[in-house]
Amino acid sequence: MTQLALIAVGGLFSASWLFLVSLGLTLIYGVLRVLNVAHGSLYALGAYLGSSMVLVALEKGHGVPVSYLILLGAALLVGLSVGPFLERVFLRRIYQKEEVLVLLLTFAIFLMLEDVMKLVWGVQPYVVNAPYVALGVVKVGGVRQPAYPFLLTGIAVTMGGLVWAGMARTRFGKLVTSVIEDREISAALGVNVPRIFTGAFTVGAVLAALGGAFTAPMISVVPGVAVEVIVLGFAVVAIGGLGSIEGAALGSLLVGFLRSASVHLFPELDLVAIYLVMALVLLFRPQGLFGRAEMRRV
Amino acid sequence: MGVVLETVELTKYFGVVKAADGISVRVEEGELVGIIGPNGSGKTTFLNLITGYVRPARGSIWYRGKDITGLSPRVVTRMGIARSFQIPQLYGGLTVLENMLVALAIRAGRSGEFWRPLQEDARLEEAMQTLSEFGLEGAAAQGVSSLAEGERKLLDVALSFALKPRLLLLDEPTSGVSVKDKFEVMDRLVRVLKSSGVTTVFVEHDLDVVMRYAERVLVFQEGRVIADGPPGIVLSDAEVKSAIVGTG
Amino acid sequence: MQWAIVLLLAIVAPLLPGWTVFLLSVALAKALVVLGIGLLMRGGLVSFGHGMYYAAGAYGVAFAMKLMGIREALVLAVLGLVAGGLLASVLGMLLARYRGLFFAMLNLALSMMVYGALLKFYWVTGGTDGMAVRQATFGGFVPPAGLLRVAYFYLSLGVVAIVVSMAHRLVRSPMGYLLRALRDNEVRVNYMGGWVEQTIYRVYVLSGGLAGLGGSLVVLNVGHAVPDFAYWSQSGEFVFVALFGGYGHVLGPLSGSILFEFVRSYAYKVSPYTWQLLLGAMLALVILFLPEGLWSLVERRMARRDRWGWSWRPSS
Amino acid sequence: MDRRGSLLGVVLLLTVVSWLLVPGQSSAQPPGAPREVRIGVVSFLSGPAAPHSGIPSRQGAQLLIEALNAGEVPRPYNTPGIGGVPIRAVYVDEAGPVDKQVTEFRRLVLDARVNVVVGYISSANCLAIAPVAEELRTLTVFSVCGIQRVFEDADYKYVFRTRAHQIIDALGIARYVLLVKPDLKTIAGINQDYAWGRDSWATFKETILQLKPDVRVVAELWPPLFSGEYSAEIARLLAAKPDVIFTSLWGGDLESFVGQATPVRLFEESLVAMTVADNLLVPGPGRFVPRGIVFGARGLYGPLTPETTLSRWFGGRFRARYGYFPIHDPFNYANSILGVKAAFEKAIAATRRWPTVEEVVRAFEYLEFEGAAGRIRLALGNGHQAVEPVGFGIVRSFDPTKREVTLERVIRFRVECVNPPAGVKSLDWIRRGFPGAVCP
């Protein structure tokens with residue numbers, strides 16, 4: 001019983017994190033058809049800026065509660081500045097090119113940002129876990145569990161909900177949906193597609209930075225944190241269906257629970273679990289769980 | 001004269017749209033059949049069904065006495081049914097000549113050959129000859145993306161024609177072609193087709209074209225064949241006229 | 001054209017400083033992988049998992065040496081080709097159905113599983129510590145230390161020369177054109193009666209074999225095989241080099257690979273702390289301003305010469 | 001001889017000796033000396049292994065080389081440079097695939113013309129580089145990498161390792177926990193899923209089961225390298241309640257693990273034994289060492305460093321310059337460089353001229369030299385592989401400003417206790433019950 005409860009809670013934590021990491025990725029793909037490798041860099045930027053800002057605030061004597069707002073602020077700062085910058089300066093130039101070329105461009109951006117972060121923050125590790133510790137622990141099945149990951153779950157659900165509602169309810173969201181449905185027709189109908197692109201990329205960047213900023217209190221932020229995120233995010237998005245928000249949610253849950261179960265039941269599988277799911281899903285449903293199979297009109 | 005193509009009660013719905021609703025049609029050897037009908041009446045779907053691009057929910061398709069229902073476009077094409085497309089389906093990165101050479105290599109079953117060049121003398125000769133039949137020899141070295149729409153349509157048909165099919169299905173060969181050039185394109189097409197004697201079914205949007213070139217007309221409406229006969233008789237029918245003009 | 005380059009490399013190599021010869025050998029070997037990936041890319045298929053075939057070739061050599069005691073360089077190279085090709089012929093049956101990003105991602109997933117397997121079966125593969133590969137022999141001889149690198153270099157060069165000229169034939173053959181055709185319009189290939197899956201499968205197996213061949217030559221040069229060979233970033237690097245050099249011409253991957261290795265080594269040398277920045281910036285520039293790869297510069301230049309009427313290129 | 005004559009003799013002798021000894025004169029250099037000795041220093045300058053390993057290593061190497069050139073290092077290294085010849089360091093990034101490392105090594109030797117290569121942290125890189133060093137006949141001294149296979153499975157002439165292999169860490173910590181917790185019944189392990197994690201856990205488990213066969217293993221967890229998120233693993237460990245948890249996590253992974261395990265009091269529930277705990281002492285905001293853990297530093301380094309003239313000097317200099325007491329990596333790199341100096345100077349003393357590589361190698365074999373933190377003896381692998389003592393303690397307190405821990409119940413294991421005798425493979429030695437081991 002205890003084990004089941006632990007698997008469930010661990011799965012939920014893992015899934016929340018994966019969803020936070022993959023939501024922006026799938027959104028950007030859905031709108032821009034760009035598989036953004038630099039997503040990992042935005043995540044790392046969020047983590048670095050978040051932890052260093054919290055650090056300064058704590059040193060100045062601000063209480064821990066403020067730090068959550070600071071993390072949010074850091075994510076917004078990164079997303080709203082770096083996001084549009086990358087989109088306008090780099091991506092905009094080559095949208096009409098093949099997807100792979102764009103993907104490699106984001107890979108180039110990723111490489112550059114790796115060293116830029118090193119130049120800005122140095123190679124010293126950042127461990128700023130006050131926000132993590134402050135939330136205390138809860139008991140699950142008689143076993144102490146940190147409460148912070150529940151905050152992550154909350155943020156993941158909120159963000160998922162906001163993005164979903166934003167797409168369904170707001171004018172911008174409807175424009176985005178129309179661009180997703182058919183770029184050419186939307187453009188012909190007077191939708192400002194480039195603006196939609198910048199907007200969607202920025203939202204995706206904010207989400208990536210948010211994932212990084214709120215993961216930072218749990219981990220030691222060191223060079224290279226970006227790399228792991230990319231592959232995990234890609235895997236989740238591929239499982240769920242490229243461009244699908246529901247898919248990212250389901251993919252996260254699937255991978256999260258499998259990882260958690262593997263830790264408790266077959267620890268040897270931990271490393272390959274996610275790729276196993278990915279390969280199986282893609283073999284039987286290549287478009288992903290929620291992806292749409294597109295048929296070409298002739 | 002034998003039956004080349006026969007469909008029996010072909011049925012296919014896309015959601016609530018009846019793309020094919022029990023189509024039974026028979027095409028004889030050497031015929032030149034025109035299909036007309038308003039947008040969304042199931043004309044293109046009919047071609048897609050025959051060639052295996054779309055699988056029927058019900059019904060069967062017979063080609064020269066063989067059941068070809070559910071076979072893939074590749075197999076159907078190999079059996080001797082070629083088609084052209086409403087939006088020309090060309091290899092945009094290749095030249096006109098290369099497009100034609102690829103068609104010829106595939107027809108000859110040489111597409112897996114990796115040792116000898118595509119541009120073999122015999123193949124080149126046939127390619128140029130076929131292109132000149134369609135009046136495209138002057139554009140041979142051009143990339144297909146730089147062709148005018150009429151030329152693209154012609155090339156699209158030429159590629160199918162080069163496969164030496166027994167049955168040729170053409171999807172709106174003159175759509176996208178300017179009114180001025182429309183008859184010129186059709187004249188050329190029909191001349192080539194007639195001289196080769198290939199059985200042809202063409203889908204058309206334009207009443208005048210069908211009137212002038214088809215030997216027999218099928219009128220489609222909401223996935224059903226509502227009239228079948230010589231153009232002069234069928235197209236003078238009031239119901240048919242309202243169906244085509246009214247919704248078209 | 002390619003023969004002129006091969007000849008040039010063959011003459012120049014022994015005169016170059018020692019580490020350059022080594023770098024060239026590795027670059028040539030990797031060019032084979034890139035060439036295979038480039039062939040697939042001509043067909044519109046991008047694999048982010050060819051590292052697994054590269055690793056298959058490398059580990060194939062390591063196991064052949066360790067378990068069977070085979071040390072003959074050429075035999076080992078062929079074994080690498082077979083290992084890569086075999087793995088690709090199995091996985092290709094699944095993968096030939098997929099296109100676009102799905103193809104890319106599925107390749108990535110499979111290669112990460114190969115990576116995981118190499119890591120997991122550590123009692124056989126040595127895990128992340130990898131497997132050592134000893135010096136190979138050439139026709140039964142062990143070259144003296146001073147000539148060893150040159151021998152490996154000529155082996156790589158010879159293999160590359162053969163493969164490049166075969167690839168050059170292939171891209172001009174019906175199969176080569178069919179590959180470009182199906183990239184442009186798969187539907188039309190089907191409607192000509194062409195067998196898309198079969199063509200993709202064949203090219204996929206071929207590219208897997210080339211990756212294995214490249215892996216075997218790299219590991220003979222480097223002397224050590226590690227699971228990282230199958231890691232996604234290695235596969236990504238191959239795709240990058242294919243684009244960098246340009247896959248429109250068979251010499252693109254070759255020149256791209258050589259140039260890339262030199263640029264990377266140079267970046268390590270001049271800025272050991274920020275070489276990624278240099279490399280990233282270079283990649284971004286190529287993608288933004290030369291999306292057809294560096295070789296397109298050469299082609300443009302040659303086209304201009306043609307126009308001036310003193311072409312020295314054999315008719316093609 | 002009368003007194004005056006003997007006095008004259010003494011004066012003469014002194015003059016000659018001082019003429020020979022005074023540094024700074026060109027005559028202090030042996031004949032045939034080059035203008036400089038170039039040393040390639042390879043460590044991770046980018047990627048996740050940089051902050052806790054690569055950068056401290058480089059700091060240690062740089063500090064020592066500068067001090068050597070200035071002649072500021074205490075005896076017996078108080079002569080400038082190597083044999084009077086100044087050292088020039090060429091730093092190289094160890095990040096990147098193994099073929100890149102082999103290429104860079106060749107470039108160092110053939111293009112940058114280094115005389116010696118020092119460094120390497122990754123075991124895979126050490127295994128790959130060793131044969132290349134042989135081929136290029138270049139003196140290569142490994143500093144940190146731990147894999148015992150390098151010298152147990154092969155013989156090398158030009159390759160040395162001036163630190164003990166990784167067996168001492170896991171074997172030593174197993175002996176330690178058996179001493180401080182003799183009644184232990186259950187153990188668990190959480191180790192990264194790659195060679196270092198696997199080898200460390202195998203060594204620990206085998207040693208425990210060898211010495212106390214009734215111990216049960218209740219969990220073996222294998223998080224991927226650099227995963228950074230351990231809540232599921234920690235929950236499993238809390239539920240399993242093992243007496244002792246062994247971990248070889250290092251760097252950012254270790255810090256993340258500590259950060260996540262502290263609030264749920266894992267370190268109070270079980271005795272957690274960390275072989276690379278000294279990584280937690282690298283400066284950086286917000287980082288801490290939990291109380292009550294078994295603290296290992298891969299030898300006698302960090303807080304376990306013995307008091308010697310050199311260790312006091314190196315530790316003091318290092319702290320003054322970089323703000324923390326050196327952990328094992330800077331010590332390891334310093335030891336490699338000191339070993340090179342010792343070997344060169346031993347060879348110079350023997351030949352009275354600038355030695356060839358072969359002569360340095362001969363001098364290096366079975367060398368015993370004063371390391372930056374105690375003596376280093378090259379006893380294994382035909383005199384190419386160092387043996388070292390190792391020690392552990394339990395953390396009583398941590399001072400975050402000085403970045404220092406206070407340890408209690410410190411136990412040091414002598415060389416003969418934790419290193420296999422020459423000619424015996426480590427794992428065989430453990431399985432056969434440590435024949436010849438001399439333990440407290």
Side-chain angles (χ1 to χ4, degrees), chain B residues 47-48 50-53 71-85 87-95 97-120 123 143-145 155-156 159-165 168-169 171, chain C residues 35-36 39-44 96-97 162-207 209-210 247-250 291-292 296 303 306 314-316:
Chain B
L47 298 193
N48 284 346
I50 296 171
T51 54
Y53 196 69
L71 297 181
S72 71
R74 184 180 68 82
V75 177
V76 170
T77 308
R78 281 242 160 265
M79 292 174 81
I81 303 177
R83 72 170 284 190
S84 76
F85 301 83
I87 308 153
Q89 299 291 316
L90 309 170
Y91 306 130
L94 305 184
T95 64
L97 177 62
E98 285 166 341
N99 267 270
M100 184 54 76
L101 288 167
V102 167
L104 295 177
I106 293 176
R107 188 194 74 201
R110 295 302 177 96
S111 60
E113 205 170 79
F114 59 89
W115 198 241
R116 273 184 293 183
L118 177 73
Q119 267 107 334
E120 277 182 339
R123 195 178 287 141
V144 294
S145 43
L155 178 59
D156 190 51
L159 291 175
S160 305
F161 181 76
L163 299 173
K164 294 200 173 156
L168 187 57
L169 311 170
D171 195 353
Chain C
L35 189 65
L39 282 178
L40 275 176
M41 284 166 92
R42 290 173 83 88
R97 291 186 284 144
I162 293 166
V163 170
V164 165
S165 67
M166 282 170 68
H168 191 57
R169 282 200 92 112
L170 189 145
V171 299
R172 290 183 306 171
S173 73
M175 193 166 156
Y177 273 94
L178 192 67
L179 208 53
R180 283 172 66 185
L182 66 87
R183 171 202 177 132
D184 283 348
N185 196 333
E186 199 176 301
V187 169
R188 185 73 210 207
V189 174
N190 272 317
Y191 271 110
M192 282 183 175
W195 198 346
V196 173
E197 267 78 23
Q198 193 193 48
T199 307
I200 289 178
Y201 179 75
R202 285 175 180 171
V203 175
Y204 189 78
V205 173
L206 177 68
S207 74
L210 286 180
Y247 54 90
H249 190 283
V250 287
E292 319 245 297
S296 63
D306 284 355
S315 63
S316 65

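As the structure is a computational prediction, the values presented were derived from the model and not from experiment. Lettering follows sequence order; numbering is per chain, from 1.
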Contact listing (chain B partner; residues 197-205 of chain C; heavy atom under 4.5 Å): C:R202
Residue pair C:M175 / B:W115, side-chain heavy-atom distance below 4.5 Å: no
Results of side chain to side chain donor-acceptor pair (under 3.5 Å) for B:T95 - residues two or more places apart only: B:E98
Side chain C:N190, main chain B:R74, donor-acceptor under 3.5 Å: no
Exam field: side chain C:N185 to backbone B:Y91, donor-acceptor pair closer than 3.5 Å: no
Closest non-hydrogen atom pair, C:A181 against B:V102: CB-CG1, 4.3 Å
Part of B:A82 within contact of chain C (heavy atom distance under 4.5 Å): neither
Residue among B:A105, B:G93, B:P165 with most heavy-atom pairs under 4.5 Å to chain C: B:G93
Set of residues satisfying side chain to side chain donor-acceptor pair (under 3.5 Å) with respect to B:D156, sequence neighbours excluded: C:R188
More than 12 heavy atoms from other groups under 6.0 Å of CE on B:M79: yes
Contact class of B:L90 relative to chain C, heavy atoms under 4.5 angstrom: backbone
Nearest non-hydrogen partners of B:G92 and C:D184, listed with the distance: N-OD2, 3.3 Å
Close side-chain approach of B:F114 and C:R172, heavy atoms under 4.5 Å: no
Structural part of B:L94 lying under 4.5 Å from a heavy atom of chain C: both
Atom group of C:R180 that falls short of 4.5 Å from chain B, counting heavy atoms: side chain
Parallel, tilted or perpendicular: ring planes of B:F85 versus C:Y191, cut at 30 and 60 degrees: perpendicular
B:Q89 side, atom CD; C:M192 side, atom CE - distance, nearest 0.5 Å: 10.5 Å
Part of B:S160 within contact of chain C (heavy atom distance under 4.5 Å): both
4.5 Å side-chain heavy-atom contact, B:I106 and C:W195: no
Side chain to side chain, B:E113 and C:S173, heavy atoms closer than 4.5 Å: no
Over all atoms of both residues, closest heavy-atom pair of B:R110 and C:P174: O-CB, 3.3 Å
Which residues share a salt bridge (charged side-chain N to carboxylate O under 4.0 Å, His left out) with C:E292, sequence neighbours left out: none
Contact leader toward chain C among B:N99, B:V76, B:L118, where contacts are heavy-atom pairs under 4.5 Å: B:L118
Chain B contact via C:V189 - side chain, backbone, both or neither, heavy atoms under 4.5 Å: both
